[in-house]
Asks: 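Let me give you the structure first, and then I'll get to my questions.
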Amino acid sequence: MMPPRAARLGDIRPFHVMRLLERARELEASGRNIVHLEIGEPDFATPQPIVAAGRQALEGGRVHYTPARGLATLRQAVSGYYRERYGVDVDPNRILITPGASGALQLALAALVDPGMGVMLSDPGYPCNRNLVRLVEGVVRAVPVGAADGYQLTPELAAAHWRADTAALLVATPANPSGTLLSRAALAELAELCRNRGAALIVDEIYQGLTYDAEDITALAFGEDIFVINSFSKFFGMTGWRLGWLVVPADYAADLDVLAQNLFLAAGTLSQHAALAAFSPETRAILEQRRETFRQRRDFLLPALRELGFDIPVTPEGAFYLYANCRALTGNSFEFSQRLLEEAGVALTPGIDFGDHRAGEHVRFAYTTSLEALEEGVERLRRFLCGQA
């Protein structure tokens, strides 16, 4: 007799792009050159000051468990970062260091969502968010969003789709896959809506710092009752170090400390010591240079894709993605992505990975590769599309 199989396993969707990435690796192994525009990971190496701090910690034997909520010095450094960059005072006791932003979201959802309670989020949106809601036996309330909404769960949409069982709203700014932002006014209104209706506001800020032509803000400016998720992966270039943080209301901190002890004991010790160097002036200068490079890539790729027939009605102001409607070029974005990989050697992420709303009409481009590679990718796209005509 086979052991039981939890029903949730059938509800957790895979990343379809992983199949495309696996195929891309096979093609590369056979000698093909592939332009990768599908990976949501900065192509830059971790800044050297962070690497040096991690090496120093390892050589110094600082390899033992930290407190569950993280090194006190790192939580103080994060608090100082909010004060210096955003003018917001955040008590270090409200900050928990986590194994990546995913660990932070697990903590927040486990603390807020009972089985059967609803979590409202946008469609399209980052796929793991809905899967983690399912993991805690919550109910995903996906709200279709489009260009008219800036691909964001606006206060108006949240109010219109509210249900009595809504436990939390989960929004992202800058957002994946669209790269769009929520304004100060929208964040303030969402926070007030949640307060008035007895729900939590969870804000994913993992692309914070990677903004262009827009003010870099934090939802923490709009109240101490907001749950904010962040990460050292994107802006700070520490993807493989698996380190993030969660800011919680003061009266949740002790309970989440206990929850963290039981879920993952603590985040990686070496990663935490290394991250202490993420806020140094030397590192910050490197990160600002990289942010400008991302801006240059966006400013090349956006008009080039529009010229090829991709409909990108909203100029992204953050992250490193372009969410493009391709209905003028194909009726099936997943099939389109497969053909583009096989025939042109260009890897994209199909819209199906981000939800159900008009997914077959969209693809996501990630400008996490060099300008030269982007230029080559655009040229391959041009040749491919000319061959289709």
Asks: Taking 4.0 angstrom as the limit, do Glu292 and Arg295 come out as a salt bridge?
Replies: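 Looking at Glu292 and Arg295, the cut-off is met.
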
Asks: Quickly, which of Tyr151, Phe310, Phe365 forms a ring pair (Phe, Tyr, Trp, His ring centres under 6.0 Å) with Tyr323? Name it, please.
Replies: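 Output: one option passes, namely Tyr151.
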
Asks: Does the pair Asp165/Arg141 count as a salt bridge with the N-to-O cut at 4.0 Å?
Replies: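 Arg141 and Asp165: salt-bridged.
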
Asks: With the 4.5 Å side-chain cut-off for hydrophobic clustering, are Val113 and Trp162 part of the same group?
Replies: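 In one cluster: yes.
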
Asks: Is it the case that one hydrophobic cluster holds both Val90 and Trp245, taking links as side-chain heavy atoms less than 4.5 Å apart, direct or via other members?
Replies: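 Linked, Val90 and Trp245 end up in one cluster.
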
Asks: Is the closest basic N to carboxylate O distance between Glu26 and Arg32 below 4.0 Å?
Replies: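 Judged by the 4.0 Å cut-off on N to carboxylate O distance, Glu26 and Arg32 do not form a salt bridge.
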
Asks: Out of curiosity, does Ile39 fall in the hydrophobic cluster containing Phe232 (side-chain heavy atoms, cut-off under 4.5 Å, transitive links)?
Replies: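 No, it is not one cluster - the side chains of Phe232 and Ile39 are not joined through contacts under 4.5 Å.
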
Asks: Determine, stepwise, if the pair Arg25 / Glu28 fulfils salt bridge (Lys or Arg N to Asp or Glu O under 4.0 Å).
Replies: CA-CA 5 Å; Arg25 298 304 187 204; Glu28 287 175 320; 3.1 Å; yes

Asks: What are the two closest heavy atoms between Asp353 and His16, and how far apart are they?
Replies: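 Distance-wise, the nearest heavy atoms are OD1-N, 2.6 Å.
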
Asks: Quick one, Thr166 and Arg197 - any side-chain contact, counting heavy atoms below 4.5 Å?
Replies: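 No, every pair of side-chain atoms sits at 4.5 Å or beyond.
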
Asks: Could you tell me whether the side chain of Tyr65 and the main chain of Gly268 form a donor-acceptor pair under 3.5 Å?
Replies: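 Side chain of Tyr65 to backbone of Gly268: no pair is present.
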
Asks: I'd like to know if Arg383 and Glu379 make a salt bridge, using a cut-off of under 4.0 Å between side-chain N and carboxylate O.
Replies: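 Answer for the salt bridge query: yes.
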
Asks: For Phe44, run the ring pair (Phe, Tyr, Trp, His ring centres under 6.0 Å) check against Phe235, Phe236, Phe294 and tell me which one passes.
Replies: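 It is Phe294, the one option of Phe235, Phe236, Phe294 that forms the ring pair (Phe, Tyr, Trp, His ring centres under 6.0 Å) with Phe44.
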
Asks: Donor-acceptor pair, distance only, cut-off 3.5 Å: does the side chain of Thr368 make one with the backbone of Asp43?
Replies: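 It does not hold such a pair.
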
Asks: Please say yes or no: joined through hydrophobic side-chain contacts below 4.5 Å, possibly via intermediate residues, are Tyr207 and Ile312 part of one cluster?
Replies: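 Cluster IDs for Tyr207 and Ile312 match.
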
Asks: Do Asn176 and Arg364 make a side-chain contact, defined as non-hydrogen atoms from C-beta onward lying under 4.5 Å apart?
Replies: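 They are in side-chain contact.
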
Asks: Is the number of heavy atoms from other residues, nucleotides or ligands within 6.0 Å of CZ (Arg83) greater than 12?
Replies: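 Yes, CZ of Arg83 has more than 12 neighbouring heavy atoms, counting only those of other groups under 6.0 Å.
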
Asks: Could you check whether Glu288 pairs with Arg284 (Lys NZ or Arg NE/NH1/NH2 to Asp/Glu carboxylate O, under 4.0 Å)?
Replies: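 Salt bridge absent between Glu288 and Arg284.
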
Asks: Are Asn93 and Arg75 packed together at the side-chain level, in the sense that at least one heavy-atom pair is separated by less than 4.5 angstrom?
Replies: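 SC-SC contact between Asn93 and Arg75 confirmed.
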
Asks: Do Leu243 and Leu256 share a hydrophobic cluster (ILVMFWY, side-chain heavy atoms under 4.5 Å, transitive)?
Replies: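 They do share one cluster, since a chain of ILVMFWY contacts under 4.5 Å joins Leu243 to Leu256.
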
Asks: Please check if the side chain of Arg298 supplies one atom and the backbone of Pro316 the other of a donor-acceptor pair under 3.5 Å.
Replies: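 Flag set: sc Arg298 to bb Pro316 pair under 3.5 Å.
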
Asks: Under a 3.5 Å distance rule, please check whether Thr369 uses its side chain to pair with a backbone N or O of His36 as donor and acceptor.
Replies: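 Pair absent, no side-chain N/O of Thr369 close to backbone of His36.
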
Asks: Going by distance alone, is a donor N or O of one side chain under 3.5 Å from an acceptor N or O of the other, for Glu205 and Thr218?
Replies: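 Distance-only check passes for Glu205 and Thr218.
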
Asks: Might you work through the side chain to side chain contact (heavy atoms under 4.5 Å, CB included) test for Val145 and Thr154, ending with a clear yes or no?
Replies: CA-CA 9 Å; Val145 298; Thr154 64; over 6 Å; no

Asks: Closest heavy-atom contact between Ala168 and Ala199?
Replies: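 Of all heavy-atom pairs spanning Ala168 and Ala199, the closest is N-CB, 4.2 Å.
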
Asks: A side-chain contact here means heavy atoms from C-beta on lying under 4.5 Å apart; do Cys128 and Phe15 qualify?
Replies: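 A side-chain contact exists here, since the closest heavy-atom pair is under 4.5 Å.
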
Asks: Output, in order, the C-alpha distance, side-chain angles, deciding distance and verdict of side chain to side chain contact (heavy atoms under 4.5 Å, CB included) for Leu135 and Arg8.
Replies: CA-CA 7 Å; Leu135 185 66; Arg8 69 176 64 89; 3.8 Å; yes

Asks: Do Arg85 and Gln208 pass the side chain to side chain contact (heavy atoms under 4.5 Å, CB included) test, and can you show the C-alpha distance, the side-chain angles, and the key distance before you say yes or no?
Replies: CA-CA 11 Å; Arg85 183 161 184 146; Gln208 187 183 61; over 6 Å; no

Asks: Closer than 4.0 angstrom, basic N to acidic O: yes or no for Arg13 and Asp356?
Replies: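 Yes, Arg13 and Asp356 are salt-bridged.
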
Asks: Measure across Leu20 and Leu348 and return the closest heavy-atom pair with its distance rounded to 0.1 Å.
Replies: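 Result for this residue pair: CD1-O, 3.6 Å.
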
Asks: So Ile202 and Val119, do their side chains get closer than 4.5 Å, heavy atoms only?
Replies: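 Result no, sub-4.5 Å side-chain heavy-atom pair not found.
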
Asks: For the backbone of Gly103 and the side chain of Thr98, can you confirm whether one donor and one acceptor N or O come within less than 3.5 Å of each other?
Replies: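 Checked: no pair found.
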
Asks: Tell me whether Asp123 contacts the main-chain N or O of His357 through its side chain, where contact means a donor paired with an acceptor under 3.5 Å.
Replies: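 A pair under 3.5 Å: yes.
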
Asks: Quick test of your reading of the model: are Arg291 and Asp216 salt-bridged, counting only N-O distances below 4.0 Å?
Replies: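 Between Asp216 and Arg291 there is no salt bridge, as every charged N stays at least 4.0 Å from the carboxylate O atoms.
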
Asks: Do the side chains of Arg297 and Phe320 get nearer than 4.5 Å, heavy atoms only?
Replies: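 Answer no - side chains too far apart.
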
Asks: Counting only heavy atoms not in Glu215 (residues, nucleotides, ligands), do more than 12 fall under 6.0 Å from its CD?
Replies: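 Yes, because the 6.0 Å sphere around CD of Glu215 holds more than 12 heavy atoms from other groups.
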
Asks: Around atom CD of Glu224, are there more than 12 heavy atoms from other residues, nucleotides or ligands closer than 6.0 Å?
Replies: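 Counting other residues, nucleotides and ligands, CD of Glu224 stays at 12 neighbours or fewer.
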
Asks: Gln272 side chain to Leu71 main-chain N or O, any donor-acceptor pair under 3.5 Å?
Replies: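 Checking the backbone N and O of Leu71 against the side chain of Gln272, a donor-acceptor pair under 3.5 Å is found.
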
Asks: Please test Arg69 against Asp257 for side chain to side chain contact (heavy atoms under 4.5 Å, CB included), starting from the C-alpha separation and ending with a verdict.
Replies: CA-CA 6 Å; Arg69 66 177 63 192; Asp257 186 13; 3.3 Å; yes

Asks: Is the closest side-chain heavy-atom distance between Phe300 and Val378 below 4.5 Å?
Replies: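 Yes, close enough: below the 4.5 Å cut-off.
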
Asks: Does the side chain of Ser333 come within less than 4.5 Å of His362's, by heavy atoms?
Replies: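 A side-chain contact under 4.5 Å is absent here.
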
Asks: Give the C-alpha distance, both sets of side-chain angles, the deciding distance and a yes or no for salt bridge (Lys or Arg N to Asp or Glu O under 4.0 Å) between Glu335 and Arg339.
Replies: CA-CA 6 Å; Glu335 180 184 285; Arg339 286 192 57 208; 5.8 Å; no

Asks: What are the two closest non-hydrogen atoms of Asp149 and Leu157, and how far apart are they?
Replies: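 Nearest heavy atoms, Asp149 then Leu157: CG-CD1, 3.6 Å.
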
